[in-house]
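None of the values given here were measured: they were computed from a predicted structure.
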Amino acid sequence: MIQRFFHFILFSNLFISVSSITLTLSTFLILNTKFEPHDIPFLLFIFASTFLTYNVHIWYKKEGDDPELPRNIWRRRNSLLTKGMFVFFLLVLFTSLFFISGKVIWFTMHLAVFSLFYSAPLLNFKRIPFLKIFLISYVWSISTVILPSINKGYSVLDREVIEIFVQRIIFILALAIPFDIRDIEVDRRNNIDTLPTLLGFGRAKLLSVILLILFIVVGCFFYGWDYTFYSRLAIGILAVYLIIKIKRSRSDLYYMVGIDGIMILSYVFLSVFKILFNSGN
């Protein structure tokens with residue numbers, strides 16, 4: 001029963017959608033903005049958008065993708081459920097549009113185009129050499145930094161917003177590389193050029209670790225040694241450990257729980273260290 005629920009959360013893409021919420025809340029936290037009732041529709045918008053985007057790509061056929069992977073077996077057996085959830089969150093998305101800023105909606109338009117054609121059969125952005133993880137990092141960083149900042153009344157040119165955006169894009173790049181490592185054989189069979197197909201297994205892992213170190217260092221340059229440093233250090237050490245432990249035989253669950261879970265834990269660590277610092281002052 002617990003395993004079935006666990007698979008439902010992971011393979012339906014609810015888990016990755018929760019990750020988008022926690023990264024958005026991290027932005028609120030760093031900007032020192034209070035969570036207010038009118039933020040709920042915006043968070044539902046982010047959650048629904050993430051869920052819909054990831055589930056759209058499930059239905060695009062990918063040659064070479066192993067049909068016997070646990071995620072693919074679950075999705076075949078629960079096709080009706082996932083389609084029902086898709087319709088439900090589509091309604092959630094449309095409803096949330098009536099309660100969020102028009103600026104957010106307009107700024108989201110180009111993200112919708114990138115997301116829709118990320119792996120579409122006709123116009124497939126993934127087939128543009130080495131664009132894959134940079135596009136993922138851009139979309140995630142805009143969605144979880146720029147959009148919530150606009151929703152809170154900030155300008156995209158505000159210094160604090162730019163600083164968070166720079167850190168976030170480095171962080172997401174570091175976490176996106178392991179998924180390209182996971183998909184390295186599928187990407188090779190589909191003639192998709194990614195950093196791991198270029199660099200190889202070991203060097204791609206090293207690049208991910210270097211990016212995580214850069215994420216920690218850049219944050220120090222922006223904020224000094226405040227609570228964000230200790231949260232970045234904690235999450236960086238954990239992420240580096242998980243990336244070093246990546247093997248060619250790692251299962252989907254390692255990536256979906258471990259690597260994606262880093263995004264959720266980053267908010268947890270940020271919250272904990274902020275409380276500790278405030279209690280000490």
Side-chain angles (χ1 to χ4, degrees), residues 16 19-20 22-23 26 54 57 62 64-65 114-115 118-119 124-145 162-223 228-229 231-267 269-270:
I16 190 67
S19 299
S20 68
T22 56
L23 286 180
S26 295
Y54 274 80
H57 298 301
K62 291 182 288 186
D65 194 17
F114 288 153
S115 299
Y118 170 70
S119 56
N124 190 325
F125 287 136
K126 279 205 305 187
R127 293 196 172 277
I128 300 175
F130 312 112
L131 179 64
K132 185 178 174 184
I133 63 167
F134 296 102
L135 187 59
I136 290 172
S137 302
Y138 174 79
V139 171
W140 269 83
S141 299
I142 291 289
S143 300
T144 63
V145 177
I162 294 173
E163 289 174 348
I164 300 171
F165 179 78
V166 170
Q167 289 181 86
R168 187 66 47 81
I169 206 163
I170 295 171
F171 182 58
I172 299 297
L173 270 173
L175 298 185
I177 289 174
F179 284 92
D180 273 358
I181 292 173
R182 180 196 67 179
D183 297 336
I184 190 169
E185 295 303 325
V186 174
D187 286 338
R188 280 174 176 165
R189 285 195 288 270
N190 285 280
N191 296 314
I192 297 173
D193 293 320
T194 65
L195 288 176
T197 62
L198 173 69
L199 298 174
F201 183 80
R203 288 195 183 101
K205 285 171 60 175
L206 178 60
L207 177 59
S208 184
V209 169
I210 290 171
L211 285 169
L212 285 166
I213 295 171
L214 182 62
F215 164 69
I216 296 170
V217 172
V218 167
C220 293
F221 177 75
F222 288 149
Y223 305 116
T228 64
F229 164 73
S231 64
R232 283 193 311 275
L233 182 62
I235 204 65
I237 291 173
L238 178 58
V240 166
Y241 174 79
L242 290 173
I243 288 166
I244 289 174
K245 289 293 183 179
I246 289 176
K247 300 176 183 177
R248 296 180 187 274
S249 59
R250 284 294 186 190
S251 70
D252 261 0
L253 294 180
Y254 186 86
Y255 296 91
M256 297 179 83
V257 176
I259 306 300
D260 280 343
I262 288 292
M263 292 188 283
I264 296 175
L265 286 176
S266 66
Y267 172 67
F269 287 162
L270 199 63

Between [atom1] of [X] and [atom2] of [Y], what distance do you get to the nearest 0.5 Å?
X: Leu195; Y: Ile184; atom1: CG; atom2: CD1; value: 10.5 Å
X: Thr197; Y: Asp180; atom1: OG1; atom2: CG; value: 8.0 Å
X: Ser231; Y: Leu265; atom1: OG; atom2: CG; value: 12.0 Å
X: Ile136; Y: Leu175; atom1: CD1; atom2: CG; value: 11.0 Å
X: Ile177; Y: Leu206; atom1: CD1; atom2: CG; value: 9.5 Å

Do [X] and [Y] touch side chain to side chain, with heavy atoms closer than 4.5 Å?
X: Val218; Y: Phe222; result: yes
X: Cys220; Y: Arg232; result: yes
X: Phe171; Y: Leu211; result: no
X: Ser266; Y: Leu23; result: yes
X: Val166; Y: Ile170; result: yes
X: Phe201; Y: Pro196; result: no
X: Ile172; Y: Thr144; result: no
X: Lys247; Y: Tyr254; result: no

So which heavy atom on [X] is nearest to which on [Y], and how close?
X: Ile262; Y: Ile235; result: O-CD1, 3.6 Å
X: Ser19; Y: Thr22; result: O-OG1, 2.8 Å
X: Gly258; Y: Leu242; result: O-CD1, 3.7 Å
X: Ile216; Y: Gly236; result: CD1-CA, 4.2 Å
X: Gln167; Y: Gly219; result: OE1-CA, 3.4 Å

Worksheet item: In terms of the angle between their ring planes, are Phe179 and Tyr255 parallel, tilted or perpendicular, with boundaries placed at 30° and 60°?
Response: tilted

Item to complete: Take Tyr138 and Ile142 through the side chain to side chain contact (heavy atoms under 4.5 Å, CB included) test and state the conclusion after the steps.
Response: CA-CA 6 Å; Tyr138 174 79; Ile142 291 289; 3.6 Å; yes

Practice prompt. Dump the intermediate steps for side chain to side chain contact (heavy atoms under 4.5 Å, CB included) on Tyr223 and Ile164, then the final yes or no.
Written response: CA-CA 10 Å; Tyr223 305 116; Ile164 300 171; 3.3 Å; yes

Item to complete: Apply the test side chain to side chain contact (heavy atoms under 4.5 Å, CB included) to residues Met256 and Ile16: give CA-CA distance (whole Å), side-chain angles for both, the deciding distance (0.1 Å), then the verdict.
Response: CA-CA 8 Å; Met256 297 179 83; Ile16 190 67; over 6 Å; no

Practice prompt. Would you please test Ile169 and Phe134 for side chain to side chain contact (heavy atoms under 4.5 Å, CB included) and show each step?
Written response: CA-CA 9 Å; Ile169 206 163; Phe134 296 102; over 6 Å; no

Fill in: Ser208 side chain vs Lys205 backbone, donor-acceptor pair below 3.5 Å
no

Practice prompt. Have a look at Leu207 and tell me which of Leu212, Ile243, Leu199 forms a side chain to side chain contact (heavy atoms under 4.5 Å, CB included) with it.
Written response: Leu199

